Structures are given as structure tokens and as C-alpha cells.
Amino acid sequence: MLGPAAAPTAYGATVHSGGTSSDPCASQGLKKAEVDAALRLDHDDRTYTKVVSELTITVPLAWSLADGLLLDPRSDRYRKAMRCLVRGPAVRGLKGVETNWQEWRAGEPTVTPVQDVPALDQGSARSVEVVVRAHGWVDQRNKLRIGPWTVHVGRAKWSVRLTPPDPVRAATWRRIVVDPGGSGAVSAKPEATVGRNGDRLAWYPDAAAPPIEIRIAPGWPRAYAAQDDDPPFAALDETGVLLWWLVLVAALGCVLVTLPLLPRPDRAELRAREDLRGWALVLLCVVSVVQGRNVHLGAIGAFEDNDKWQEQAAHAPWSWLTAAVVGGILLSFGRPGKALAGTGVLLGAAAVLPALQPDLFDLDPKTFVTAPGPTDLTTAAVSAAAVCSTALLFLGSTAAVRRLAVDGGLYRPRRVRPRLRGLLAGTLIFLVILGVCYAAAAERDWNRASWLSPHIDPGGWLPGSTSPFPDDPGYGAWHRAELRSNLLWFTHNVQNWWCALLWIPSGLAILGLLRARAETTTDAVVALRGPAGPYRLLVLLLFPVMVALNIGEYTASGALSWVWFFAYLFALVGLLRLASGRTVGDKQLEKTGEPLNRTLRVSHRLVLLDRARTYRERHAQLRRLDQGQADDATVQRRDLETRLTRLHRWRSSRGSRDHLPHDVSVVDAALVLGPGDTWWENGVRAARLTQPVALPLTAGLVWANQLRGEALTSTLHERLGLPDVLLQFLLWQVGYAAAGMVLGALWHQLPGRRGPTKAFCVALAYALPAGLFAFGNWALGEEQTGLAFAVAAMLLVLTLTGILMDLETFREEHRYWRGRIARLYSIYQMRFFSVQVAWLLAQTAAIATIWQFLAETGGSPLENSGVSQTP
């Protein structure tokens, strides 16, 4: 189909390749084209307003560049022809290389040859129909270019203007449609005609493109979210995140203040207290350095204007300094050996020197991110600073986590100090994986933004042709400049990503002290029932620190992040307060009135289990008697009832004869103990039981939040999106383990006779703040699908964990039953077993419904892709 005239592959200049140097798009050939344009603003169920554009151009094949549309999208002839249709020869930005970072496309434009289409003047002619679909989000108070439209974002009102490229401006525009969304339009110029087929605002000019402008007054949540990078909103966002960490430090401080008032602890507990005190100070310093810098950048509006990307580069080198400081603090807390300390000093020097003395390396961030580029020495210095600062951050974090885990007895290493070679090898592997994923995402994002730029350097033009951009360094130079820009911001991005993970060592510090306390407790009642005083507060703090969802943002602002810390804490405290006096352990013996939790001891376990088994056997005989199926005619119901009454005989803690509470069976009393001898063992057992149960639900949550619909697009283009997929999988599992730990540690203080009922209390504490957040989302019109899935998943995981805890309590009977279901049927008996099965089926149906809904919808917005396990 293509003749010799189409052979040249240069982007540009000869008449045979399409156009002249003065008019490279041959605009005269596009006057007979026909254009339809549509724009839709979607404000509903999302944080940022989504702008969707669809441009349909029917191009006559008489246009000299039309044949290029039928080529491979990777060819320069295709890029030139498509650029003339959707961008025009007038370049906005980087001369021959143009990038539009705000515009996203679900796929390549659709190019369809059309046969026997009536021409505009006479006869019939062939043509090509090109459909270009693009979308973007109004997430900054700036200009947003989506297709042939430009959205000017103001504080309270937005204006949408039709700004088509010059080559198609004079074509025949048949239909122009704008759907301003639920907010409606304040004004429209020129006046819109009556829409056809339900169109909101429509124009049918059948002439050149009219100067259309629509003014929109969006709802305040969308208008506020669009200013999240502008001061003071950006500073409020970062301040809210900083306050969350400061609230945690203050809570740990309250615990540490009250600890000296308790009896003198042993050596292990003293070490755990010292670790918690030291970590609280380290956490205060680290978040002050990292988040303090982010607050400063938000206050000065460092990222409010996309066009000032060169000036913004000046802020990147300071992240090397902050990362080195933070890494050094963490490494010092980790008590490194001489070799590791010396390595940290060398890494810190290599990271800090280019930041403090950039002139030594001829480093100017503004020119470093532009073409043609700096010297090799400058690039090497920036690379070394980025790698060394990140490596020091990783080494310091590893050392700090290792100290908390080892001193707290949570991990027993073979060596007192880790091998430096092992640490360096792990750091190198970590950096390589992180760097490869980071570079792949940067390359993918660059290809998306520069998809219409010519992939030819100035020296690659055909002999005799003239480059329309003689001063431009070329695509390759700008491509390398973009990679250097990503290298410059590498430490900044990794540091912010890493800082959100500080809740893990915070939880380890809490768990280490709780474990030390559990091993030193001599009071049998306290050891079984649970910690008291400041240690009980530590158990409660695990809930907002390690279990809670990251639901701190309304209108893309984390200003209220710290509020959710108290919401989760008070939800659990409030439910425990309501349950006080209503648990099985609070039931009183019939004669002495002594609470059951003061009477029961771990030493009673064998007696209770034996009586519980006898109790179930006698009840089975009673059921057969009621059904007329007695095994022996001499068995009388009265005898069975007498034997059952004897099983309820008990002694109080003072040795006096008594009976179990009238509404508490020996099975209930046995289940109160749980599978462990102490509250710590119950917590550890429950945490372990959550892991296999949670695996499929964790995979579903990761898919829903990061691998579904538009969330997948965000994951593939975010610089740390791919590593975050694996990280989020691990973090959800850690969160479920922490939820199991809370369930087991509070086993005796939770209401209900059986595990699923106890689990419901913890799940309800998890769901109440999420429900409050969902109500706020509903009021503001924001997306919340992933939230419902997360709450339902937590409820199912804890319910199954509660059932497994009851099975573990009677684990000695495992040899007498064919499987767990039969044993569970015997433990729960008919009535209770049916209720638990119905409860599980209801939860499974709810999760299946949510899953089906997620699979059928296209996904959440790019910037609000769901909840995560990272505070």
C-alpha cells in the first residue's frame, strides 16, 4: 500500500515524508477531516476528579501523513502523524521532545481504515478513523492537558477550554460534548445547544473548532483535594502524619513514666525497658528529621508547580543528608561492632559530602536534570550519594530491628553480632532489586509521557533535510536527563517509603517488653488473665500501632491521621470496658460469690479437660434418651443429671466447697483457659494460627488494592510500586499476626464463651473506626470499596482463629477424632456448632459478594487505590 514516497523514516522535513520545514504537519490536508470530541468530569466516588477525553478524527487518506497512522506505533512516522493530530507542530515544553505527565492512556489509539466514506466535496474516498482516549486527575492547582482540552484549576472554580492542535483546528468539528459531572456547569461559552442522546452540554458547529469555555464550581472536597500540593494544605498533610508518630511517642512515654512505680524487675525486663526507652527517643529523632523536612517542603510549596521541575531538583540532595543522619541514629541504637560502625561512617561520608559540598563535584541540580547533561564525575557522585545514603538507611534499620528482636527474646540468633559480609550482601541484593524496579517504573513512565516525541537525535536527520529543532539535544539526551532526575530523587522517594514502616520496630519494642514481663510474672491469676497497669496499655497500643488500617486521609490530606490512632485505641478500650463484668471469668461461684477468674489456675487444666469430656459424653446420652434411643434400659435420666451436677462441684481459691456458676458449664470453664498456660502463650498461639488462615485473604487484598484496574497502572508506574506489592503482602500478614496477638493476650478479658464470639469483639474494634471513616467517605463522595473488603477479611481471619484456639484447647483429644470438624462438633455440641457454621457461611458470602463487586468494577482511582497496612 505504501509507495516509495513513504520510505524515509525521518521525523520531519522533506515533502515526500510529509510536510515541509515550515509546516511539517501538512495542515492543508486536514481541512477535510471530521472531528468529534467528548469530555467527561467524574467527581463521584473518588478523591480526585477524573477527567476523561475521547477524540475521534476521520482523516482522509489524501493527507500526506495518513499512511503513517497504519504503521507500528513504535515507528517515527506513526508518532509524527499522531502528534500532528493530537499535539500539533507547536511544541509546548522541551522543543522536539515533549512530555505530558498528567495524561494517561489505557491503550494505544484505535486506528481503523474506513472504505467508501462520502467525501466532503465530491465522489467517495477512503479515510482512516482515529480514536484517542485519554484521562487524568485534577490533583494540582495547575493546568491539566488531556487530549484537546485544557483544564485550568483554580481555588474554587475550574475552567475547561477546548484547545485543539493547530492542524485540526480548521477541520470540520461535527459534535462536541462536555459532561461537567454532578457539580454541573456555572457558565458555557458559546451557548450550548440542546443535547442529543442525553448529552449534558453539546455543540454541533459543522465548522472549524469554536472557542469553547466552560466554568465549573466543583464540590469543596474535590476542590480541596486539588490543592494538596499547595501551601498551607501540603504542610497540614505532612503535619498530620508527623503528629501520628508524636502521639505514639507520647503514649510510649506515658508507659515508661509509670514503669518505675512497679516492683523491681529482673534483668531481662530491665533490658527490655531500656530498649523501649531508647527506641522512643530514636523514633522521636527519626520522624522529626524525615517528616520535619517534608513539612518544610510543603510549607514552602516545593511541589505546587509542575513547570518548575528544574527548581524543585534543588531540594533533592538534602535527602542524602537526612537519610545519612537517620541511618546513623538507627545504627547507633543497634549497637554495631567496630567493623559495622566503620562501614556506616564511610557510607555516611559518601552520602553527606556531595550534599554539603556540591561544588567539589560540579553538581548543579538544575542542570543535572536537563540535557545535554553533566560530566561523568558528577553523575558518579550523585550515584554514590544515592546508593550510600540508602544503604546506610537499610543497615541502620536492620541493626535497630535486630537489637529489639534479640533483646526482647523474639529472635534467638546463632551469633551475638551479625556478620558484616552477610549484612553487606543483603544490602547489595536489596539495593539491586530496589534499583531495578525503580528504573523499570521510571522507564515505563517516561515512555508514557513522551510517546509522541521523535526517537531521533538531531544528527539522525536525512541528508539534505533540515531539523525543525536544530538547538534541541535530541530524544536520547532528554531520555538520559529523565533517568538522571529519577536518580537524583531516588533517596527522597525511598526515604519517605521507608519511614512509613517504622511501626514495625515500634511493635517489636512493645512485644519485647511484654514478653519479658510475662516470663517474670509469678502471680498465677495475672499470668493467666492478662497484664495490668502500664503493661495492659502496651497490649492495647499494639492495636493502633500494628493492626489498624491506614485510613487517615480525607480529601487527599493526612491532617487527621493522628485522630485515627485514638479512634482505634478507644474503640478497643471502650468495648473491653463494656465487657467488664460480663465475661465468663467474671461469673461468680454459686456459694462464695468468688469470680471464676480468681479461682481457675493453670493446674486445673487436666481436671477441667477430663470433666469437659465426661460432660459432653453425658449430654450425648441425654440426647439419645430424649430421642428414645437409650443404650441401656437401666440408664435413668435422673442418674445422668446427678452425675452432671457432680461435675460442676468446685472449690474456691480458699479451699471451701462450691459450685461453678449455674450458667457456666465445665466446657465453658475449660475454654476460658485457652490453649496456653499464660496470656503471652495464648497471644503467641493465636498469632501463629492467623498466618495460614490469612494467606488467601492477604492475596485478595493486595490484588484489590494494587493489582486491579487502575491500581495496577499506578503500581507499574510508581517508582516503588513493584517492591511495595511484596511489602504490602508481608505487612498484611504482620498485621493479622498482631491482631491474633491482641486476641490471645486478652482472651480472658473478652466477652463470649467461645472463640468466634471473643474474636468478634476485636473485629468490632477494628471495624468501628473503619465504619466512621466510611461514613466520612460517603459524606465526601470518596471511594471506599477496599475498606469493606479489609474489614470483612479481618473478621473472617479472627473468627477462624478463635475456632482454632478452641480446638487447640482440646488438642489432647485429637487422637480420638478423625478430623478437626468432628472434634469441633463435639466441643461446640449441636446448637453451638450450627450457629458457628452459619456465622462462617455469612462471612464467606459477604467476602464473595465484595470480591465479585471488585472484579466487575474497573478499579479505584490512581491516587486512591485502596487501604494499606502501612500507617
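Note that these values count all heavy atoms, side chains included, but never hydrogens, waters or copies made by symmetry. The structure displayed is predicted, hence computed values, not measured ones.
Between Arg145 and Glu98, at least one side-chain N (NZ, or NE/NH1/NH2) sits under 4.0 Å from a carboxylate O, which counts as a salt bridge. Between Lys50 and Glu710 a salt bridge is recorded (basic side-chain N to carboxylate O distance below 4.0 Å). Ion pairing between Asp42 and Arg46 holds under the 4.0 Å rule for side-chain N and carboxylate O.
Side chain of Thr715 to main chain of Ala711: a donor-acceptor pair is present (N/O by atom type, distance under 3.5 Å, no hydrogens or angles). The main-chain N or O of Leu452 is never found under 3.5 Å from a side-chain atom of Tyr78 such that the two would form a donor-acceptor pair. A donor-acceptor pair under 3.5 Å links the side-chain atoms of Glu103 to the main chain of Gly147, judged by distance alone.
Two residues are said to be in side-chain contact when any heavy atoms from C-beta on lie closer than 4.5 Å; Met82 and Trp451 meet this criterion. You'll find the side chain of Val130 stays beyond 4.5 Å of the side chain of Thr110, heavy atoms only. Side chains of Gln28 and Trp63 form no contact here, defined as non-hydrogen atoms less than 4.5 Å apart. Looking at Leu39 and Glu54, their side chains never come closer than 4.5 Å, going by heavy atoms from C-beta outward. Within the 4.5 Å cutoff, the side chain of Leu61 has heavy atoms near those of the Val128 side chain. Two residues are said to be in side-chain contact when any heavy atoms from C-beta on lie closer than 4.5 Å; Thr150 and Leu144 fail this criterion. Counting heavy atoms from C-beta outward, Asp206 and Trp173 have side chains that stay 4.5 Å or more apart. Between Leu30 and Cys25 the shortest side-chain heavy-atom distance does not fall below 4.5 Å.
Considering only residues two or more places apart in sequence or on other chains, His315 meets the ring pair (Phe, Tyr, Trp, His ring centres under 6.0 Å) condition with none of them. With sequence neighbours excluded, the residues that form a ring pair (Phe, Tyr, Trp, His ring centres under 6.0 Å) with His717 are Trp104. Residues passing the salt bridge (charged side-chain N to carboxylate O under 4.0 Å, His left out) test with Asp36, sequence neighbours excluded: Arg174. Arg74 pairs by the salt bridge (charged side-chain N to carboxylate O under 4.0 Å, His left out) definition with Asp72, not counting sequence neighbours. Residues that satisfy the side chain to side chain contact (heavy atoms under 4.5 Å, CB included) test with Thr239, not counting sequence neighbours, are Leu243, Val295. For the side chain to side chain contact (heavy atoms under 4.5 Å, CB included) test, residues two or more places apart in sequence or in another chain that qualify with Glu443 are Asn447, His479, Leu483. Not a single salt bridge (charged side-chain N to carboxylate O under 4.0 Å, His left out) links Arg484 to another residue, sequence neighbours left out. Among residues two or more places apart in sequence or in another chain, the ring pair (Phe, Tyr, Trp, His ring centres under 6.0 Å) test is passed with Phe368 by none. Residues meeting the ring pair (Phe, Tyr, Trp, His ring centres under 6.0 Å) test with Tyr554, sequence neighbours left out: Phe773. Not a single salt bridge (charged side-chain N to carboxylate O under 4.0 Å, His left out) links Glu129 to another residue, sequence neighbours left out.
Applying the ring pair (Phe, Tyr, Trp, His ring centres under 6.0 Å) definition to pairs two or more places apart or across chains, none involves residues 141-163.
For Pro365 against Ala313, the heavy-atom pair with the smallest separation is CB-O, 3.4 Å. Here the shortest heavy-atom pairing between Leu162 and Pro210 reads CD2-O, 3.8 Å. Across all their heavy atoms, Leu720 and Asn493 have their closest contact at CD1-O, 3.7 Å. Counting all heavy atoms, side chain and backbone alike, Gln312 lies closest to Phe303 at NE2-CA, 3.7 Å. Nearest approach of Arg222 to Thr47, heavy atoms of both residues: NE-O, 3.2 Å. Contact between Pro73 and Arg79 at its shortest, heavy atoms only, is O-CG, 4.0 Å.
Donor-acceptor pairing under 3.5 Å is recorded for the side chains of Asp724 and Trp497. Between the side chains of His135 and Arg40, not a single donor N or O lies within less than 3.5 Å of an accepting N or O. Side chains of Gln706 and Gln728: no donor on one and acceptor on the other come within 3.5 Å.
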Report task. Walk me through it: do Leu65 and Cys84 pass the test side chain to side chain contact (heavy atoms under 4.5 Å, CB included)? Result -> CA-CA 9 Å; Leu65 299 179; Cys84 288; 3.9 Å; yes

Report task. Just do the side chain to side chain contact (heavy atoms under 4.5 Å, CB included) check on Leu434 and Phe490 with the steps written out, would you? Result -> CA-CA 10 Å; Leu434 208 61; Phe490 177 78; 4.2 Å; yes

Report task. Run the numbers on Ser319 and Gln495 for side chain to side chain donor-acceptor pair (under 3.5 Å), then give the verdict. Result -> CA-CA 8 Å; Ser319 61; Gln495 183 176 248; 5.5 Å; no

Report task. With side chain to side chain donor-acceptor pair (under 3.5 Å) as the test, would you mind laying out the steps for Ser450 and Thr99 before giving the verdict? Result -> CA-CA 5 Å; Ser450 64; Thr99 55; over 6 Å; no

Report task. Report the C-alpha distance between Gln227 and Arg155 in whole Å, list the side-chain angles of each, state the deciding distance to 0.1 Å, and finish with yes or no for side chain to side chain donor-acceptor pair (under 3.5 Å). Result -> CA-CA 7 Å; Gln227 304 177 58; Arg155 286 188 177 273; 3.1 Å; yes

Requested in this report: Before giving the answer on side chain to side chain contact (heavy atoms under 4.5 Å, CB included), spell out for Thr555 and Trp220 the whole-Å C-alpha distance, their side-chain angles and the decisive distance to 0.1 Å.
Outcome: CA-CA 9 Å; Thr555 64; Trp220 74 265; 4.2 Å; yes

Query raised in the report: Should Leu85 and Val168 be marked as a side chain to side chain contact (heavy atoms under 4.5 Å, CB included) after you check the CA-CA gap, both sets of side-chain angles, and the distance that decides it?
Result: CA-CA 6 Å; Leu85 295 179; Val168 298; 4.0 Å; yes

Side chains of residues 228-235: which donor-acceptor partners sit under 3.5 Å, not counting sequence neighbours?
unit_1 : atom_1 : unit_2 : atom_2 : d
Asp228 : OD2    : Tyr48  : OH     : 2.4
Asp229 : OD2    : Gln140 : NE2    : 3.0
Asp230 : OD2    : Arg141 : NH1    : 3.2

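Between the CZ atom in Arg83 and the CG atom in Asp76 there is a gap of 10.5 Å [rounded to 0.5 Å]. The OG1 atom of Thr58 lies 15.0 Å from the NZ atom of Lys32; values are rounded to the nearest 0.5 Å. Taken from CG in Leu560 to CD in Glu553, the straight-line distance is 10.5 Å, to the nearest 0.5 Å. Between Lys31 atom NZ and Arg169 atom CZ the span is 13.5 Å, to the nearest 0.5 Å. For the atom pair CG (Asp445) and CD (Glu718), the distance works out to 8.5 Å, reported to the nearest 0.5 Å. We find the CG-CZ distance between Asp166 and Arg87 to be 13.5 Å, quoted to the nearest 0.5 Å.
Other residues, nucleotides and ligands contribute more than 12 heavy atoms inside 6.0 Å of the CH2 atom of Trp101.
You'll find the ring centres of Tyr475 and Trp446 inside the 6.0 Å limit.
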